[in-house]
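See structure below.
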Amino acid sequence: MFIAVSAVLLVAIALGLVRAFRGPTLYDRVMAANMIGTLTVLMVAVLGFMAERPEFLDIALVYVLISFVSTIAVLRVYASRVSMQGSDRK
Amino acid sequence: MEHLIDIVLLGLLMITGFAIVRMKSLLAVAMLTSIYSLLSASLFVVLDAVDVALTEAAIGAGISTILMLATVALTRDEEKAPRHTPLLPLAVVTVTGAALIYGTLDMPHYGDPAAPVHQHAASAYLHDTPGEIGVPNVVTSVLASYRGYDTLGEVTVIFTAGAGVLALLGYRTRRRNIQGPGIRKLVVLRVIAKLFFPLILLFALYVLFHGDYGPGGGFQAGVIFATGFILYALAFGLGNAQRVIHHPLLRIMAAVGVLIYAAVGIEGILLGGKFLEYGVLADDPVTGQHLGIMLIELGVGITVAAVMLIIYYGFVSRQD
Amino acid sequence: MMQPLLDVLSWICLLGGAIFLLIGAIGVLRFPDFYTRLHAVSVCDTLGAGLVLVGLIFQGGLSLVTVKLLLIFYFMIFTGPTAVHALAQAALQSKLKPLVDDHEPR
């Protein structure tokens with residue numbers, strides 16, 4: 001059962017990767033990265049149950065916090081970039 | 001089954017690597033490298049390398065993405081077109097790659113218990129750790145106790161790197177707090193940042209002091225601690241973050257961490273042992289080991305957090 | 001007596017979560033523009049992730065594992081929507097136009 005869930009997670013990660021490659025805007029890529037972050041957290045949690053290693057959850061916990069901060073970071077950097085140029089792109 | 005997951009993850013990693021090479025927009029490349037480290041961290045989890053996975057999550061997906069973004073913000077967004085033909089580099093890479101693949105043919109199989117690496121010191125570490133050090137997490141015992149010299153060297157390297165960045169980038173105090181055009185629009189982010197800031201710091205302390213029992217330790221804890229402050233700086237502006245933790249304080253803290261580590265080593269000499277011998281720190285050698293590991297992890301954490309923040313402040317204070 | 005019941009509950013939650021995650025991922029790939037794709041992402045972030053975590057909690061029982069899972073759930077419930085909100089805000093601010101149907105309503 002855990003195997004089925006992790007297979008679904010892998011498929012979803014692959015679909016998110018396709019979106020990250022295709023773009024077309026930076027926001028699509030950030031969105032895809034954010035989604036892959038969520039999926040990775042779940043993947044690590046499920047793998048922890050599969051391998052019966054509950055300390056994997058510490059890693060999942062770090063991921064949740066870190067991937068949130070990096071999403072916010074890219075948005076803030078990009079926002080300051082856009083407001084500096086005063087024009088939009090694509 | 002786990003092999004299948006390994007192969008799929010490795011395939012995804014390879015595709016991501018190609019996409020990073022092909023991508024021209026540097027911000028997009030920064031995003032993809034963050035995805036790359038998330039994927040490789042899940043690979044480490046599948047391979048049961050819990051401490052490495054935690055490090056990769058905190059450093060690869062978190063702080064290095066943020067620092068890469070801060071660097072891109074100082075330069076241009078687009079990659080320059082190369083001015084030379086790619087044929088010679090391609091040939092060099094192909095030959096090197098072929099040589100490396102040829103080299104792997106002689107390597108022992110994955111998980112082979114007769115591999116040389118499991119015969120030499122590793123088995124001694126695994127065997128002696130419960131009796132000599134009494135720490136459940138063998139990685140921590142190797143890193144902090146058996147290989148304490150190496151870790152001291154690593155912390156010194158990090159300290160030197162921080163000093164180098166400080167010397168190159170300099171540092172400007174932000175007198176006024178420059179706010180972007182849409183302060184109003186940051187309300188949600190600010191509430192969430194306020195809610196999460198203490199939790200991230202608390203979690204960093206948990207990772208620091210729980211390193212004996214689970215995955216974690218000074219390096220990861222320092223990075224997570226710095227990430228908490230970076231979140232604060234992102235939501236409330238760099239000026240406000242600097243009011244919480246001053247730049248001169250950071251410079252002192254970066255040195256204090258290394259000094260704590262070295263002081264623990266010298267304390268061992270003074271108490272009649274060798275440099276970085278923790279057994280003499282308390283009456284009972286195992287308690288001494290615990291105390292020593294705790295103290296040096298604290299030193300590592302302080303230095304790493306301070307250096308990460310110095311680098312972040314250095315980059316961001318230059319964007320105007 | 002309780003264990004089979006909990007197992008069934010947890011399987012249902014895990015399966016439901018997996019289905020929602022898959023739907024969300026397909027939506028992210030297939031929807032025509034950025035703002036519609038955001039909807040798909042939020043399905044993944046909240047419902048899909050939430051159900052998977054609840055399913056794991058049923059497996060974990062009363063232990064430290066469950067506390068950690070609840071913490072992850074708590075963080076996710078807050079970070080997911082905040083990230084999506086910040087994304088939409090940033091995209092709007094940079095004048096990324098939503099795809100709209102230009103035809104007059106009949």
Side-chain angles (χ1 to χ4, degrees), chain A residues 1-2 4-9 11-20 22 24-28 30-32 34-39 41-46 48-49 54-58 60-61 63-65 67-72 74-76 78-79 81-83 85 87-90, chain C residues 7 10-11 14-15 17-31 33-35 37-38 40-42 44-46 48-49 52-53 55-56 59-60 63-69 71-76 78-80 82-84 86-97:
Chain A
M1 189 63 190
F2 289 135
V5 176
S6 53
V8 168
L9 286 169
V11 170
I13 288 177
L15 293 177
L17 268 182
V18 173
R19 178 46 71 197
R22 293 228 308 236
T25 61
L26 181 77
Y27 298 113
D28 286 293
V30 178
M31 181 183 76
N34 190 36
M35 190 181 82
I36 290 174
T38 308
L39 293 172
V41 171
L42 295 177
M43 178 94 175
V44 171
V46 171
F49 270 85
E55 66 263 38
F56 282 11
L57 287 176
D58 286 352
L61 214 49
Y63 277 24
V64 180
L65 297 172
S67 76
F68 172 66
V69 176
S70 53
T71 303
I72 297 299
V74 68
L75 292 177
R76 297 285 286 148
Y78 196 60
R81 174 60 62 99
V82 167
S83 69
Q85 288 170 345
S87 65
D88 67 302
R89 23 175 306 134
K90 283 180 223 169
Chain C
D7 271 351
S10 107
W11 294 144
L14 281 175
L15 256 191
I19 289 170
F20 276 114
L21 286 173
L22 199 60
I23 290 173
I26 292 172
V28 166
L29 194 63
R30 296 277 301 159
F31 272 140
D33 84 323
F34 171 71
Y35 294 97
R37 283 177 214 137
L38 272 184
V41 166
S42 42
C44 262
D45 269 353
T46 51
V52 169
L53 287 176
L56 289 181
Q59 286 285 316
S63 59
L64 188 65
V65 171
T66 301
V67 177
K68 281 181 187 165
L69 281 171
L71 263 181
I72 295 177
F73 187 69
Y74 170 80
F75 285 142
M76 239 175 207
F78 280 107
T79 55
T82 312
V84 169
L87 259 168
Q89 195 112 56
L92 260 185
Q93 220 172 347
S94 74
K95 304 188 183 60
L96 182 73
K97 289 275 183 300

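Protein chains get the first letters and strands the later ones, always in sequence-line order, with residue 1 at the start of each.
Of all heavy-atom pairs spanning A/P24 and C/R37, the tightest one is CD-NH1, 4.1 Å. For A/L15 against C/A25, the heavy-atom pair with the smallest separation is CD1-CB, 3.7 Å. Annotation for A/M31 and C/F34: closest pair SD-CE1, 4.0 Å, computed over non-hydrogen atoms. In plain terms, the two heavy atoms of C/A83 and A/T71 that are nearest each other are CB-CG2, 4.1 Å.
Rounding to the nearest 0.5 angstrom, the gap separating the CG atom in A/L42 from the CG atom in C/L56 is 8.0 Å. In this structure, CG in C/L14 is found 9.0 Å from CZ in A/F49, a value given to the nearest 0.5 Å. In this structure, OG1 in A/T38 is found 3.5 Å from CG in C/D45, a value given to the nearest 0.5 Å.
No part of C/I19 comes within reach of chain A, as not one of its non-hydrogen atoms sits under 4.5 angstrom from that chain. With a 4.5 angstrom heavy-atom cutoff, C/L15 touches chain A via backbone and side-chain atoms both. Heavy-atom distances place both the backbone and the side chain of A/V46 under 4.5 Å from chain C. Of the two parts of C/V52, only the side chain, counted from C-beta on, holds a non-hydrogen atom closer than 4.5 Å to a non-hydrogen atom of chain A. In this structure, the portion of C/F31 lying under 4.5 Å from any heavy atom of chain A is its backbone and not its side chain. Contacts of A/I13 with chain C are absent, with no heavy-atom separation under 4.5 Å from either backbone or side chain. In this structure, the portions of A/L57 lying under 4.5 Å from any heavy atom of chain C include both its backbone and its side chain.
Exactly one of A/L65, A/L61, A/V44 qualifies for a side-chain contact (heavy atoms from CB on, under 4.5 Å) with C/I72. That residue is A/L61.
Within the 4.5 Å cutoff, the side chain of A/L9 has heavy atoms near those of the C/L21 side chain.
In terms of heavy-atom pairs under 4.5 Å with chain A, the best-connected choice from C/A49, C/C44, C/G17 is C/A49.
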